[in-house]
Structures are given as C-alpha cells and as structure tokens.
Amino acid sequence: MSEKKEYKVIGTRPIRHDGVDKVTGRAIYGADFQITGLLHGRVLRSPHAHARIVSIDTSRAEAHPGVKGVVTAQDLPAAEDKMADLGEGPVNLKYLCDNILASDKALYKGHAIAAVAATNPHIAEEACELIDVEYEVLPPVLEVRQAMEPDAPILHEHLTTSSLGDTEDKPTNIASHLQHKKGDIEKGFADAEVVIERDFVTGTVHQGYIEPHNATAHYNQDGQLTVWCSTQGAFTVREQLAEILQYPVSKIKVVPLEIGGGFGGKINVYIKPVAALLAKKTGKPVKVLMNRADVFEGTGPTPASYITIKIGAKKDGKITAAQTSLAFEAGAYPGSPVGAGAMCVFAPYNIENVLIDGYDVVLNKPKSAPYRAPGATNAAFGTETVVDELAETLNIDPLEIRLMNGAKEGDRRPDGPVYPRIGFIETLEAAKEHPHYTSSNGKKYHGRGIASGFWFNIGLESSVTINVNPDGTVNLVEGSTDIGGTRASIAMQAAEVLGIPAESVNPAVVDTNSIGYTAVTGGSRTTYATGYAAYEAAQDVVKQMKVRAAKLWEVDEDNVQFADGEFSSINGKEEQMSFRDLSGKLSQTGGPVVGRATMDPAGAGGAFATHVVDVEVDVETGKVEILRYTATQDAGKAIHPSYVEGQIQGGVVQGIGWALNEEYIYNDEGEMTNASFLDYRMPTCLDLPMIDTVIVEVPNPGHPYGVRGVGEVPIVPPPAAIANAIYDAIGIRMTELPMSPDRLLKALGKI
Amino acid sequence: MVRKSHIQTTINDEAVEFLCEPRQSLLEVLRDELHLTGAKEGCNNGNCGACSVILDGRLVNSCLVLGVETEGKSVETIEGLAEPDKLHPIQDAFLENAALQCGICTPGFIMSAKALLDNNPNPTEHEIRYWLAGNLCRCTGYDKIVRAVLDAAAAT
Amino acid sequence: MPTIAIPSLIRNLTDGEESVTVEGTTIREVINNLENQYPGTKAKLCDGDRIHPSIGVYINGVLTRVAMHDRLDADAELHFLPAISGGVSSDLYPDEL
Ligand code: FES
Ligand code: FES
C-alpha cells in the first residue's frame, strides 16, 4: 500500500456538475416543486408533551372555506405491532405509524395529530386551529435518568426491556440493554495504578439543516402514487411509504429533488405519508411543508445522554481497563443510537479489559434520528475527556498517551471484531507534526485541547449505469441524492477509469423507477459505495468497448488493451484509438454501449480523526472563543479534496455548536422553549476562525482507489477537544454539554 | 377570500405586476406567485438569511418584508445576477472555492455578499464574517464561503 | 472450524465461554451445531429461520447482511453484535452530510 498511484482525475478539484444550477437559484429543491392543481397541507401538532388523545373532532375544519380534506391516524391502515425490515434494520410498524400521526397518545410536544389540505397554506393553517382535540394530560418524563426510575411515568404500556439476556415482563421506559465484554474487567482495574472515573451529560441537539422537510404527493386515477421530496434516500422513502400506507412498492414512485442538508435527519419520513394521505383524500396533488418550529419540535433530534466512564492505566500510560455505562434518550419511540455509541466509545484504543453497557430509553421528546456519526460524539466526549485527564495525571503529553494506546491493524475492537488497515496513528502523527501543535500557547485564560474520534462508515447497496455518448462523453445515472458534492466525487471515479476529464461525465440523480436500488446518502457511504459502483460500471463500459475495438480491427478481443483513455491492440497489429474516437463508432459496431454495476461492498473501512483546538475563556462572561482549529483525518483517498475539506470543516463546526451553544431547552411541562434559529443558536461565521484541515491518506483496502467515508467522523472530537482546551485555560473539567456561558460561570463560581 | 392588492414593482430590472394578499411576504410572492424560487425559506422569521434579496439597494430578509411593500421599489434576486453567457464573479468564486455543499443557503449568501461588495469592495476577513453573520450555513463551516467572498472581492 | 464470539449477555448458556469453535460450512449449520453444544443459544440469535432482526452479524470483522445459507470459510470468525432496535434508521446506517 505504500507506493503512491498516479491519477489523472482523482485528487483534482473540478467544478461540481450541479454547481451552476445551485449558484444561480435554478436548482429545484423540495419546496420549489410546482404542479398544476396543487393544494397545500398543514399539520396540527400536540401542545402537550404527554397526553392521552380522548377525541378529535374535525368537522369545523372541514367546513372552513377552502379546505379540501382533513386526515388523522384513522386514515392510516391499522398498524400491527410487528417488526418490519426496511432494509436498514428492524422497525416496529406500530411505532413508525404512530410517529406519523398519533393514534392514542401524544408523546411529545409537536407530535403530529391531524392534517389539513386547502387551497392555500394560510387557509390550511387557519383550519388546523379549528380541529377540536380533547386531551387527558399526563405527567411528562424529560430526562434519561428520571425515565429509568422504577416509578417513572410509563410511555408505552407494552414496552419491556429487550436484550440478548433475559427479557423482563414489567413495563418500563428502558427499551433495550446491550453489552460488550472483553477480558477481565476486575483484573484490569486491579492492575491499574491510576483510575479516573467521571460522569458526563450531553444535551439534546438538532441536525439543524437549513431546508425544512417537504413533500408533494399525488395519486393518479390508476393508483400510482408519486412523491416529490427532498430526502437522503428515495428508496428508503419508498420502503417506508409502502409499510406505513400498506401499499405495493411497485405503485410508488419517489422523485428526489435537491436536498438542503440532512446530516441523518432526512432518512426517517414525517410528512411524506401525510401528504400521500391528503392526496388520496382530496384526489389532488398536495404539498406539505414544515416551518422551522415544526422541524425542531417534530423531527428527530439527536439524543441527550448520561454517560459514566472509568479508565485505569499503568504509570507509563498503558491503559489496562475501561468501563462505561451509556444511557441514551431514544425520544418517544425506541431506537436511539446507543448501539453505535457503545461500539465507538473505546474504539480508538487497544484495551485488553473492557465492559460496556448501553441503555435505550424512551421519554417525552421527539423520536431521535441519526445525526452525523450517531452516538459517537456523545461517547467520545466522555472517553476523550477522561483520557486527557489520565495524561495530565500521569504527566504524559495527550498525543503520546493516544499514540501509546492507539488501535492499529490487527488489534481487536472492544466489541470483538479485528481491525483491518486503519489510519488512527497517522492522524495522531499528523497532529503532532502540525505547526499548530508545535506552536506556543501560554497566554492567560488561553488553552489547548486535543481529542480523537472513530466512526465505522458503511457500505450498503448502490446501482449505477453509464451511457456512452458518440462524442466521448458519458451520462452517469445514479440513485444517491447529492447533499454535498457527490455527483462530482462519483463522476470522477468513472472518469478516472475511462481516461476522460471529470467534465465529460454528466451525472444524474434519478427517481426510484429509473435506477436499481440504492441505499441512503448516509453512513459516509456515498463516495465509497456509489463511487465503487461507478468504478465497476465504467469497467463494464471498457470491457464492452474492447469488443467493439476488436471488431473494428479484426483482432481477438483478448488482444485489445485499454490504458490512459486509449484502446490499443497488442500482438501483431499496431492499432490505437482513443475512448472518444471509439465512442463515435458504436453505431457501426453493434449499437449503444451501456455499462452497469450494482454493489453491496463490505469493506467500508473505518475513519479516525484527531483535532487540536485553541480557545480563550472570558471569565467575566463565560464565553468561549475558538481561536484556532486544526482537524486531521484519514480519508483513505480524497477523490475531490475540496469537498473532503468541506466535510471536515462542516462537521467540526457542528461539533463546535454542540460543544458550546446548542441544546433543546425544556420547561417543566416538556415544551421546548427555544424552537427557533434565534434561540437555538447554531454557529455563525462570526463565531469562528478558519478551520484548518489535514487529510491523511491511508488507503482503504476495501475500495479500488482506497476511499474511506469522510462525512461523519469530523463531528466526533470537537466537544471533548474543546472541553480539554477549557480545562487547559481555566483548570476546570466541564462534564456537561453544551459548555454554554451560564455553565462556565457556574463552574467558575460566578453565579 | 381576502381581497388581493395590485402591486407594480421592478424585479431584476424588469417591470413586474402581481396580485397578492396583504399578509403574503415578499418571499411568498417571489416563490409562489412569481415562481422565482431561488430565494429559499429556512425559518420565515428573519434568522437564517436563506431568503436574502436586495430591496432598493439594501439587503433584506424577504420573509420579513410584505409583498405589498415593494410597490414602486426595485428588487434584486439571485435569478438576476448572472448574465446570459457569464456568471457573476461572486457566483464563480463560490464554485471555484467549493463554497457550497447542499447549496440551500447559497443564493442567500451570494445576495448578501453582493450587498456587501456593492458598498465595500475590499472588505477584511473580519468585515466579511461580521456582514455574513445573518446568513446560516450548516454544511460548510463557513471557511470556504469566507474565502470565496475574499476571492470575489479581489476579482472585481 | 469457524469461531463464534459469544455475546456477553448469553455467556451464561455457554458455561461462560467467550468464544467457541463449531463445525459447519454455512451460517445455518454453525448456529445449529452451536445449539446442539449449548442449548438455548439459537433462540437468542435467531428469529425463526433467520438471524434476529436486532442482531448484526460480522464475519471476520466486517458487518455482513447474511442469510442462513451463506457459506463460511473454515477459519471464519463470527460476531453477533446488536443491530440496534427500533428506528428506521438504525444507527449503523445513518447520516453523512
Ligand atoms: S427564511 Fe427569511 S431569514 Fe430565514
Ligand atoms: S451549503 Fe448547506 S446550508 Fe450551506
């Protein structure tokens, strides 16, 4: 793996193919879609965090002028309490449907109760006010430790704790318990010379994409349902609609429009089935848009958590044992990312004795949804803070202690599997050599922190077809929605194979009737897996074109070779022809060439990152200023370095927001009191410096160009890195997120 | 039905007439009545800047302006920026710097940057960050956006 | 013979063994032989004739969506890890951008 391959297209920085449409305002995002006869839908949401729905009377709304239809949970096919496999893991159908429109109970403020379609959005909104809902208000449960108490109010009367071990009969809010155990934890701690143990609390945060959820649905007279929307996965939407509406996939077409951010939050469906129900009821196309408060209150945040971490080490810094308990808020229905958190929590380190317990806990908040490396950021906040404290206690450089314990190829992960070639150590070395780390940072109230992070990345299915044009360009058809420049990174992989410029590939993202199954744009998989499919589809084109060249030259096809965009004949005849020229001869040699490939690659190759941050703490106001930030990350191979840097910078800044400002603030009734961009304060450009990136390239053996996913891991280290920097600045360990000015002032004893 | 008002205004240097309800924002008018969907709705209450347009030379959040308020005024939107065969230098700079990922914030940032450069052709990095603080981007971390605006300033 | 890493929560069924080797050339054979050796294990890992939907199977460290008839190398190492229940978006298949 050491020799550097020479590439013509990969590693360059072409202008993205969808760029002009996006800088001129011409690109069509979900909310921009128009169709004749369109009605507008609006959803009525629960004002209570926990309430039994006694009755819903829609008659006044239906009578309102301009209203064309009203739907409630009664309009959904009766959902069974069964597990459906949506290609992405199991899901309980009853829970899935109840989250779309509540049937018997409202489980969070903002829970959808009913929806109206009308001739314009204002009328639909007015009509929502005319729906009479009688609630029996119940006490809410708003914090994970409270929800786990034996006498806590129960959300689901039939929910019992499931785990591989024994299942209890008693109703509870603890939906599941999982465990990983390696070695002998007691012996590990007995062998330790220093043990650090701390508790951590992280707040509820939102993905914060700028584009609210949207959907337009239409049922044709022949029963064909079409849904135009922005989503991370058109096929995933199709599967969810099929289950929720009990409708055959063959009668559903999902058309993915441009998407304004997702970060995991646009995989689950919310208003798409509602738009379909309204379309069915009215016989007209219906567009449903969320407003910003709906997005905060009605769509998946990522969970708050309570985490305990205990790590023991020898005096030389060698870690002997690590133990953790992770309790994650799933929200109203089971399914927090605690499983992923449990697999990531100690993943960067090679530790002999480990015990990890995880709990998935329901309470009265919106059902959690994935958010960029789900679960890993919460977990790393704990681990990386404790590792920092270990280093400090033992007087070892924080990078050195990580280098000493860092996981390498062949080490066994705490949850069992053995690592293939990974690049954690390389990210640490890159940080160590960086001028940021070697610079001095001695001013009063200034501090420096470092932290590392791990994320798995995934493979899953992707399909690509490539149509060769007579002028030597190709049209590439794919099913992965492009959230951050993946049209370019996928097209570039095909271009590299075909020996043509990136600009000679026209990528198109198409609907579910027009390409083979393709899983979500998520899990940092798109450039890896869809890119792999593009590579294979391009190889298929080359194979077919060799046959054409052989025909033209009257040689055996085994005697045609292809390199650097040129076909040539070996053995005897001296013939040569460029990809472009041969493309012009397809009609004489047998007709069009279409390359195709489907992939479900297994070797996604994990991603590691190490971050260095300098902060200044204002001890009068409690405000933390980011002075300098450097992120090193193993990208395997950066196809389009600008967009890799962009992923890293974007993830870092989301992590900074999570660390310093962002959280759902609840009152005692369980109402979110800051459901706007003004009050849920995400970082602006004025809050930040430039974000320096160092792309380390340890090729992933599971991809022809060595690609590893890059999108998720950069959000993992920032909260811990910033906490460690704050400690360096003022000598106080912050163990609760966000580390907002009021928490800082409390910690400083000023309020 | 609310009675609609008849408004005469100028949009991207063209005289435009439209009918709108008094409660409709300029953003709604642009998007739903005139089908100029380049301005985006991210929050509808002035906090994200995705709907930024220039009204009589001043940068505004079009979600906070009523459609009827544009009577006799001049509105510049993202759709009016490029020439038929050439992008505006700010648009070019955004593409060259990879200053967009999902792109939903991009029209707002570009209009905001234009309003800045129209008044201050050589802003410092800090001035750019200060001016653009009313525009939210969740994808990029702003680094490449700030660089794009610096480049656009240098190019004009 | 393939090696199976036993999830900690069912090690009570395998006399505390952390991993065991069993005969078998397919996942089905391996699980059936494990059941013969350690009764009760199959019911934990399977839901009828398929892998339990709440479990992810790793073959040689790689998450694989396996079917019971999938073939295994003689030296394969299997892990049964939580696939995380509940969400449409089970946590291993989440977000990117
Ligand atoms: S939509 Fe106008 S500022 Fe957000
Ligand atoms: S590029 Fe997505 S919000 Fe800015």
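As a basis for the values below, the full set of heavy atoms in this structure was taken, side chains included, without hydrogen atoms, waters or symmetry mates. In the text below, chain A, chain B and the rest are named by the order of the sequence lines, each starting its count at 1.
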Applying a strict 4.5 Å limit to non-hydrogen atoms, the region of A:Pro14 in contact with chain B is neither
Heavy-atom distances under 4.5 Å only: say whether A:Leu678 touches chain B with side chain, backbone, both or neither.
-> both
Part of A:Val653 within contact of chain B (heavy atom distance under 4.5 Å) = side chain
Kindly say whether A:Gln207 contributes a backbone atom to a donor-acceptor pair with the side chain of B:Arg138 at under 3.5 angstrom?
-> yes
Go through the atoms of A:Pro65 and report whether side chain, backbone, both or neither lie under 4.5 Å from a heavy atom of chain B.
-> neither
For atom OH of B:Tyr130, decide whether the heavy atoms of other residues, nucleotides or ligands shown that lie under 6.0 angstrom number more than 12.
-> no
Would you confirm whether B:Glu79, through its side chain, and A:Thr24, through its main-chain N or O, come within 3.5 Å as a donor-acceptor pair?
-> no
Search all heavy atoms of A:Gly25 against all heavy atoms of B:Pro107 and return the closest pair with its distance.
-> CA-CG, 4.4 Å
To the nearest 0.5 Å, what is the distance between CD1 (A:Ile210) and SG (B:Cys105)?
-> 7.0 Å
Could you check which of B:Leu95, B:Asp32, B:Thr106 has the highest count of heavy-atom pairs closer than 4.5 Å to chain A?
-> B:Leu95
So what's closer than 4.5 Å to chain B heavy atoms on A:Gln34: side chain, backbone, both or neither?
-> side chain
Which atoms of A:Val295 approach chain B - backbone, side chain, both or neither, heavy atom under 4.5 Å = neither
If one checks every heavy atom of B:Leu81 against chain A at 4.5 Å, the contacting part turns out to be neither
Partner set under side chain to side chain donor-acceptor pair (under 3.5 Å) for B:Arg31, not counting sequence neighbours = A:Asp32
Residue pair B:Ala98 / A:Ser642: nearest heavy atoms and the distance that separates them | CB-CB, 3.7 Å
What is the minimum heavy-atom distance between B:Tyr142 and A:Pro683, and which atoms define it?
-> OH-O, 2.8 Å
Would you give the length of the straight line joining atom NZ of A:Lys22 to atom CD1 of B:Ile104, rounded to the nearest 0.5 angstrom?
-> 9.0 Å
Please determine if B:Arg23 and A:Glu126 form a salt bridge, counting it only when a charged side-chain N lies under 4.0 Å from a carboxylate O.
-> yes
Would you please name every residue forming a side chain to side chain donor-acceptor pair (under 3.5 Å) with A:Glu645, sequence neighbours left out?
-> A:Arg13, B:Lys144
Of the backbone (N, CA, C, O) and the side chain (C-beta and beyond), which part of A:Ala27 lies under 4.5 Å from a heavy atom of chain B, both, or neither?
-> backbone
Is B:Asp143 reaching over with its side chain to a backbone N or O of A:Ile691, donor-acceptor style, under 3.5 angstrom?
-> yes
Identify the heavy atoms of B:Gly103 and A:Tyr29 that sit nearest to each other, and give their distance.
-> C-OH, 3.1 Å
What is the minimum heavy-atom distance between B:Gln91 and A:Val23, and which atoms define it?
-> NE2-O, 2.9 Å
Is any residue of residues 37-49 of chain B within less than 4.5 Å of chain A by heavy atoms, and which ones?
-> B:Thr37, B:Gly38, B:Lys40, B:Glu41, B:Gly42, B:Cys43, B:Asn45, B:Asn47, B:Cys48
Under a 4.5 Å heavy-atom criterion, the part of residues 146-156 of chain B in contact with chain A comprises B:Val146, B:Arg147
What part of B:His35 gets closer than 4.5 Å to chain A, counting heavy atoms only: side chain, backbone, both or neither?
-> side chain
